[in-house]
Amino acid sequence: MIQIKDFKDNIGIEIVVHGWTANRRSSKRLEFIVLRDGSGFAQCIVDANNVDERTYKNAKLTNQETSVKITGTVVKDDKQIGGYELHVSDLEIIGTSNNYPVTNKKHGVEFLIDKRHLWLRSKRQWAIMRVRNKLIYSIHNFFQKEGFVQADAPVFTGNACEGTSTLFASEFYGETAYLTQSGQLYGEAMALALGKIYTFGPTFRAEKSKTRRHLSEFWMIEPEMAFYNNDMNMDLIEKFIKYVLKDINENCKYEFEILRRDTGSFEKIINTKFPRLTYDNAVKILKGELEINGKTTIETLEQDLEDVKRGIVERKKEIAEREKIIAGGVKRGKRNFLQNKINNFKNEIKDLEIKAKNIPSWIKSANEFEYGNDFGGSDETVITRMFDVPVMVYNWPHKIKAFYMKRDNDAPELAKGVDVLAPEGYGEIVGGGERETNLELLIEKIKGHNLPMSDFEWYLDLRRYGSVPHAGFGLGLERLIAWICKLSHIRETIPFPRMYKRLFP
RNA sequence: UCCUCCUUAGCUCAGUUGGUUAGAGCACCUGACUGUUAAUCAGGGUGUCCUAGGUUCAAGUCCUAGAGGAGGAGCCA
């Protein structure tokens with residue numbers, strides 16, 4: 001069976017292809033069917049002069065998402081997306097489709113997410129799922145090449161290690177079990193058995209968050225390396241991000257074209273050393289006390305605000321011009337075209353107005369930031385605004401970090417953690433660090449966090465028997481996809497998102 | 001848990017200071033057009049205006065409560 005992706009090897013040959021009609025247009029004796037088969041998209045032409053009556057009639061009967069078996073000759077045509085089209089000689093309908101709900105027009109979020117099982121068929125979602133697939137493959141390739149062993153942590157756990165409020169409880173032979181929110185502790189045990197490991201599995205957080213960057217179920221990659229300190233950890237993170245980005249950039253050109261993702265920034269990220277900021281310096285940058293390329297964050301944001309305001313004025317002008325033309329009276333096609341343009345401008349204005357409202361509050365929040373706190377979402381956006389590449393922030397106040405994070409011997413207030421902040425306002429995509437090896441400090445920390453000591457005895461054994469320096473990090477797959485595809489919401493990065501109050505479909 | 005906004009046709013949305021019979025585009029059907037890229041052109045009809053209560057001569061529009069949704073805060077990857 002030939003797939004659309006194989007058309008390039010079958011020019012001039014009559015082949016059979018199975019798929020669905022993504023769209024159909026017609027003129028007097030011609031039917032243009034955009035076929036999708038999962039491997040790609042291709043236009044199929046049914047010419048009434050060249051096919052029997054049954055095939056032409058079938059072609060006219062196809063609607064959006066009718067499944068078909070098409071026989072035809074592959075022809076090169078540079079005008080087509082993908083570069084090839086099919087001249088049909090026979091068309092058979094396999095399954096009909098009437099009133100398909102997810103049309104090629106605009107839909108609202110609620111409707112689309114209710115119809116997620118069908119939404120997945122649309123071109124944009126197809127492209128995202130393919131990027132996701134390539135990214136997963138690339139992640140495995142990287143770690144396997146680096147000598148890591150994939151070793152998975154359990155999904156059911158008895159440890160309530162970071163408070164039960166964010167855990168999903170389940171029943172396990174009469175005991176309460178929780179769905180894992182991190183494989184990290186198990187990762188440490190496995191690293192001490194296998195050297196360098198990575199987990200790759202689903203993670204669950206019962207956070208009642210309704211934001212564009214939260215899922216209740218998401219996939220996390222958690223590498224853990226024996227004999228690594230935090231500097232080595234940061235080197236690995238940087239190498240890792242560059243590797244997958246280069247790979248994706250080379251192998252997903254078609255997908256990025258569909259997503260209209262400008263990949264120009266990837267080249268720079270691949271070839272630039274990521275800035276490594278201590279928490280102290282990150283705070284100074286945030287508060288405008290440290291200049292980057294001769295500018296403070298505050299100056300940069302004020303400039304941004306002016307640009308945004310000017311953008312709004314310009315778009316309002318564009319709208320007014322087009323409304324004047326419509327008021328003067330034009331044909332339907334032209335009017336629709338202009339109206340669509342106007343609607344696009346209106347949406348852009350909406351986004352800009354949100355920005356115009358946000359920027360002053362970002363500046364305020366940045367100014368009022370208190371040393372010792374964790375960065376909020378807007379603070380991360382402000383810091384990353386100053387760079388075109390991912391930024392690493394390390395040496396955090398230990399008080400705001402997890403109990404297992406290694407304290408700095410020279411600066412006891414600090415912990416050797418690292419967060420990687422993605423550019424373009426995508427926030428934290430990686431969190432990690434060196435792990436505490438001092439048994440007494442760990443016990444003290446566990447008590448300090450009011451965690452049940454008995455649940456952690458197995459973990460403390462790792463420090464009792466052949467303890468070594470080790471480090472690792474956690475990467476949220478969906479946040480990485482959202483950034484790479486420049487999506488406005490994380491729900492599009494996973495086939496069936498599980499979010500607060502969203503269990504179906 | 002808190003704050004802001006939204007809910008009108010299958011879908012996306014208009015609907016003015018409350019005022020006749022609630023509108024448009026798309027989708028769908030018919031017809032026109034030899035190559036279209038969300039094709040275009042002509043025609044065809046559809047509503048518990050989220051629910052309940054209230055104010056009023058009159059409510060899609062105002063008020064109260066509730067349900068559902070979206071964004072954000074907190075928390076986080």
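Labels below follow one simple rule: chain letters A, B, ... track the order of the sequence lines, proteins then strands, and each chain is numbered from 1.
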So what does Asp114(A) hit on the nucleic acid, given a heavy-atom distance under 4.0 Å: a base, only sugar-phosphate, or nothing? nothing

Considering only heavy side-chain atoms of Thr211(A), the closest of G74(B), A38(B), C76(B) is G74(B)

Are the aromatic rings of Tyr198(A) and His140(A) close, with centres under 6.0 Å apart? yes

Without decimals, in angstroms, what is the distance between Phe369(A) CZ and G74(B) P? 11 Å

NA contact type, Leu30(A), heavy-atom cut-off 4.0 Å: base, sugar-phosphate, or nothing? base

May I ask you to decide whether Lys253(A) forms a salt bridge with Glu257(A), counting only side-chain N to carboxylate O separations under 4.0 Å? no

Counting the atoms with a prime plus P, OP1 and OP2 as sugar-phosphate, which does Glu222(A) contact under 4.0 Å by heavy atoms, base, sugar-phosphate, or nothing? nothing

Of Gly108(A) and Asp77(A), the one whose closest RNA chain B nucleotide lies more 5': Gly108(A)

In whole angstroms, how far is the P atom of A39(B) from the CD atom of Glu31(A)? 12 Å

Quick one: which of G35(B), C11(B), C75(B) gets closest to the side chain of Phe111(A)? C11(B)

If you compare every side-chain N and O of Lys210(A) against the phosphate oxygens of G71(B) (OP1, OP2), does one of them come in below 4.0 Å? no

Counting only side-chain nitrogens and oxygens, does Arg205(A) get under 4.0 Å of the OP1 or OP2 atom of C75(B)? no

Distance between the C1' atoms of A65(B) and G15(B), in whole angstroms? 26 Å

Rounded to whole angstroms, how far apart are CG on Leu477(A) and P on A77(B)? 15 Å

Ignoring hydrogens and angles, tell me if any N or O in the side chain of His449(A) forms a donor-acceptor pair with the backbone of Leu451(A) under 3.5 Å. no

Could a donor-acceptor pair under 3.5 angstrom be found where the side chain of His107(A) meets the base of C11(B)? no

From the set G35(B), G72(B), A77(B), return the single nucleotide nearest to any side-chain atom of Ile490(A). A77(B)

Sugar-phosphate only, base, or nothing, as touched by Ile45(A) at under 4.0 Å among non-hydrogen atoms: base

For the rings on Phe375(A) and Phe369(A), is their centre-to-centre separation under 6.0 Å? yes

Give a yes/no answer on whether the side chain of Asn63(A) brings an N or O atom under 4.0 Å of OP1 or OP2 in C29(B). yes

Would you say the ring centers of Tyr371(A) and Tyr279(A) fall short of 6.0 Å from each other? yes

Over all heavy atoms of both residues, which pair between Met225(A) and Gly472(A) is shortest? Give the atoms and the distance, please. CE-CA, 4.1 Å

base_contact_polar (G10(B) base, Thr103(A) side chain, donor-acceptor, <3.5 Å): no

For a quick check of understanding: with a heavy-atom distance under 4.0 Å over all strands, which category does Arg212(A) fall into, base, sugar-phosphate or nothing? sugar-phosphate

P gap between U61(B) and A9(B), integer Å: 15 Å

Within the pair His489(A) and A70(B), is there a side-chain N or O less than 4.0 Å away from OP1 or OP2? no

note: Lys123(A), atom NZ; U37(B), atom C1'; distance rounded to Å ~ 9 Å

Under 4.0 Å between a side-chain N/O of Arg491(A) and OP1 or OP2 of G71(B), yes or no? yes

Atom-pair distance (CZ on Phe200(A); P on A77(B)), nearest Å: 17 Å

What nucleic acid atoms does Val34(A) come within less than 4.0 Å of, heavy atoms only: base, sugar-phosphate, or nothing? nothing

Atom CD of Glu257(A) and atom P of U37(B): how far apart are they, to the nearest Å? 18 Å

With both distances kept under 3.5 Å, what pairs with U64(B), Watson-Crick or G-U wobble? A52(B)

Which listed nucleotide (U1(B), U34(B), C76(B)) is nearest to the side chain of Lys208(A)? U1(B)

Taking any strand in view, what nucleotide pairs with A24(B) in a Watson-Crick or G-U wobble way, both distances under 3.5 Å? U12(B)

According to the Watson-Crick and G-U wobble definitions, with both distances under 3.5 Å, which nucleotide is paired to G45(B)? none

Taking the inter-plane angle between the rings of Phe143(A) and Phe473(A) on a 0 to 90° scale, is it parallel (under 30°), tilted (30 to 60°) or perpendicular (over 60°)? tilted

For Gln64(A), which contact category applies under a 4.0 Å heavy-atom criterion: base, sugar-phosphate, or nothing? nothing

Arg25(A) side chain N/O closer than 4.0 Å to the phosphate oxygens (OP1, OP2) of A39(B)? yes

Nucleotide forming a Watson-Crick or wobble pair with U34(B), both distances under 3.5 Å: none

Starting from P on A27(B), measure out to NZ on Lys115(A) and report it in whole angstrom. 19 Å

For Tyr100(A) and for Leu112(A), locate the closest nucleotide of RNA chain B by heavy-atom distance; then report the residue assigned to the nucleotide nearer the 5' terminus. Leu112(A)

Separation of C50(B) atom C1' from Glu110(A) atom CD, nearest Å, is 11 Å

Using the six-membered ring wherever Trp is involved, compare the ring planes of Phe266(A) and Phe256(A) and label them parallel, tilted or perpendicular (cut-offs 30° and 60°). perpendicular

Determine, answering yes or no, if Phe218(A) is stacked on A77(B) under the 5.5 Å centre rule and the 30° plane rule. yes

Mate of A73(B) where both pairing distances stay under 3.5 Å, Watson-Crick or G-U: U1(B)

